[in-house]
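Inspection log for the structure reproduced underneath, given as structure tokens.
Both ligands and their constituent atoms are indexed starting at 1 by order of listing. Since the model is a prediction, treat every value here as computed from it, not as a measurement.
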Amino acid sequence: MNPQPKSITASSAGGLRSGRDFLESLNDGRQVFLDGELVKDVTKHPSLARTAHTLAGLFDLAAEPGLRDRMTFTSPKTGQPVLRAYQIPKTTEDLRARRLFSEVWAEATFGLMGRTPDHVASFFCGYAAVPEVFKAGGAQFAANVVNFYEKMRDNHLYASYAIVPPQIDRSKPAHKQADPTLYAGIVAEKDGGIVLKGAQQLATGGLYSDYIYLSCIHPLQPGDENYANGVMIPANAPGLKLYPRRPFGAVASNSLDYPLSGRFDEPDCFVVLDNVFVPWENVFIHRNIDVCRDQWWKTPAHAYGNCQAQTRYTVKLRFMIGLAKRINELSGNDSNPAVQVQMGELASLVSIIENMLLSQEVTASVDSNGVLWPSKTALYSIMALQSELNARMLEIIRELSGAAMITLPSSAADFENAEMNADIERYMQSGAADAKARVAVMRMAWDFIGSEFGSRQQQYEKFYGGASFLVKQNMFRNYDFKRATGLVEKALTLPAF
Ligand SMILES: Cc1cc2nc3c(=O)[nH]c(=O)nc-3n(C[C@H](O)[C@H](O)[C@H](O)COP(=O)(O)OP(=O)(O)OC[C@H]3O[C@@H](n4cnc5c(N)ncnc54)[C@H](O)[C@@H]3O)c2cc1C
């Protein structure tokens, strides 16, 4: 039997999970490979510890008594407070309440962490809201997914996910890869469950989560059945290996030079399954290409998960435009009309995205089960363009900042050298602030845009919801073209004159 995550329920946080409980649960034998070694404890590793503590802070924030209404709702099963991220929305008010929950966590991390526990929680809300989709593969799978959702909800669990096959050879389907066990798939079935082997990308935050949801959002075709699964795997399951990319926390020597990468670096983990056993109760989709596809589009899972993602993104954009404003204030350009035009464009883009988030609530619809679905066109229109819009917004800030993010001391240590400090204080000051205050803002802007951390952020915004050509296809599937062509028909049948 697979080991279960340790100490996942909290007593010290009013029934919720405390940051301490979370940190303690991470030292559970999970296999994280970094810099040529197996990491002993992710909460103590110099490159990984700070983000672990940032996440612990989110659990503590959710447990604050003053935020009880905003952050929790009552579990219908236990009567205990549980995270609102696990609330299945039935009304617009419920969806708004979910947004307000996620906003608290996003503001605590300035929108820089995409896979906080509310992300995959939102997917599981969507699955549990429409379990009939899973029933198409067998009644037990619908029961399994609802049971697992309830377990996650009632134990305040944190799941991440890996739902894209590795980029080995995109010209061939899963079953025609050079070796059929390259993509994560079933290699054996036993009485108690299934055995998986292969790799899957890219569990952001995976090394901090309790579970990894392994499934596939990539289109599959007949012959790919072994890869058409949906399973939950404990992060410490025997045979599960996590390979994070190079963490940026490693170079973050101090908080002045690395104010963001030192705190909010969320490692993206390549997932390798070396004959991982998954008991049947953790299996929701089993060798079923239709259900594997339908989980994303015939349940509100993808919409809930990405509604959370857009809530996070909106907070990040507010932070971003705040940085741009401070750059202009410090350079003395804030009242320059040409700069105001650029800032007006930036504010327009941010406002469009902010308002499309609200539009997901306003134009939501209720299905025959009484479950509320956020508006897919409001959601996907922004996601489809995010790749271009995000790049455009960053370009405006680069344009506005000139060399402001570059003409800075080499490091915080320069302030400690009397001779250097005198020059820095004299020449790197701003008309609006002393040198230290100016440097703090410019360093933060660089960490946001230009550092390795900032660059990964842009790649994340481009790809977290899938490649943009795929999101544009979602938009194509969901837009009401009938209404549009109806207008054309009407115009064509106007009385002749
Ligand atoms: C920072 C980061 C974090 C991520 N976090 C997660 C996560 O937490 N969980 C997870 O499961 N995944 C995650 N992902 C993975 C993400 O889901 C994938 O990167 C994304 O789905 C794109 O797939 P791919 O990288 O395999 O690119 P590919 O599918 O190989 O596409 C790459 C590019 O090839 C071109 N292309 C390929 N096929 C076509 C086509 N048919 N038409 C037009 N152009 C085409 C496009 O330009 C496309 O952008 C993350 C990715 C990044 C970059």
- Message: Please check this pair: side chain of Tyr464 against backbone of Arg115, looking for a donor-acceptor N/O pair closer than 3.5 Å.
- Response: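 Pair absent, no side-chain N/O of Tyr464 close to backbone of Arg115.
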- Query: Does NZ or CZ of Arg98 lie under 6.0 Å from the centre of the six-membered ring of Tyr304, at an angle within 45° of the ring axis?
  - Reply: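 Ring-cation test returns yes.
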- Message: Does the Lys NZ or Arg CZ of Arg17 fall within the cation-pi geometry relative to Phe22 - under 6.0 Å from the ring centre and within 45° of the axis?
- Response: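 Not satisfied by the 6.0 Å and 45° rule.
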Ligand 1 to [X] polar contact by distance, N or O atoms, under 3.5 Å:
X	value
Ile163	yes
Leu202	yes
Arg170	yes
Arg115	yes
Arg456	no

Among all protein heavy atoms, pick out the one at the shortest distance from [atom]; state its residue, atom name and that distance to 0.1 Å.
atom	result
atom 18 (C) of ligand 1	Gln201 NE2, 3.8 Å
atom 4 (C) of ligand 1	Thr204 OG1, 3.4 Å
atom 16 (C) of ligand 1	Phe463 O, 3.5 Å
atom 41 (N) of ligand 1	Phe469 CE1, 3.3 Å

Those atoms of ligand 1 less than 4.0 Å from some heavy atom in [X]:
X	answer
Tyr460	1 (C), 2 (C), 3 (C)
Ala162	11 (O)
Val164	11 (O), 17 (O), 21 (O), 26 (O)
Gln167	24 (P), 25 (O), 26 (O), 27 (O), 28 (P), 30 (O)

- Message: Contact between ligand 1 and Ser160 is defined here as a heavy atom of the residue under 4.0 Å from a ligand atom; is it met?
- Response: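 In this structure, Ser160 fails to qualify as a contact of ligand 1 - no heavy atom is under 4.0 Å.
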Between [X] and [Y], does any side-chain donor sit less than 3.5 Å from a side-chain acceptor?
X	Y	value
Asn226	Arg287	yes
Asn390	Tyr313	yes
Ser209	Ser160	yes

- Message: Closer than 4.0 Å and a protein heavy atom, does any atom meet both conditions relative to atom 26 (O) of ligand 1?
- Response: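 Neighbour list for atom 26 (O) of ligand 1 includes protein heavy atoms (cut-off 4.0 Å).
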- Item | Exercise check, heavy-atom protein proximity under 4.0 Å to atom 47 (O) of ligand 1 |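 Answer no: nothing from the protein, no heavy atom, is under 4.0 Å.
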Using side-chain contact (heavy atoms from CB on, under 4.5 Å) as the criterion, point out the one residue from [options] that pairs with [X].
X	options	value
Leu67	Val104, Thr72, Leu100	Val104
Leu379	Met356, Gln310, Met475	Gln310
Asp265	Leu112, Thr51, Val251	Thr51

- Query: Applying a 4.0 Å heavy-atom criterion (strictly less than), which segment of Asp268 is in contact with ligand 1: side chain, backbone, both, or neither?
  - Reply: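 For Asp268, the contact with ligand 1 is made by the side chain alone.
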- Task: Flag the pair Phe110 / Phe448 as yes when their ring centroid distance falls below 6.0 Å, and as no otherwise.
- Result: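 Ring-ring flag for Phe110/Phe448: false, centres at least 6.0 Å apart.
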- Message: Within the supplied structure, the quantity of interest is the number of heavy atoms (other residues, nucleotides, ligands) at a distance under 6.0 Å from Arg293 CZ; does it exceed 12?
- Response: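 Atom CZ in Arg293 is packed in, count exceeds 12.
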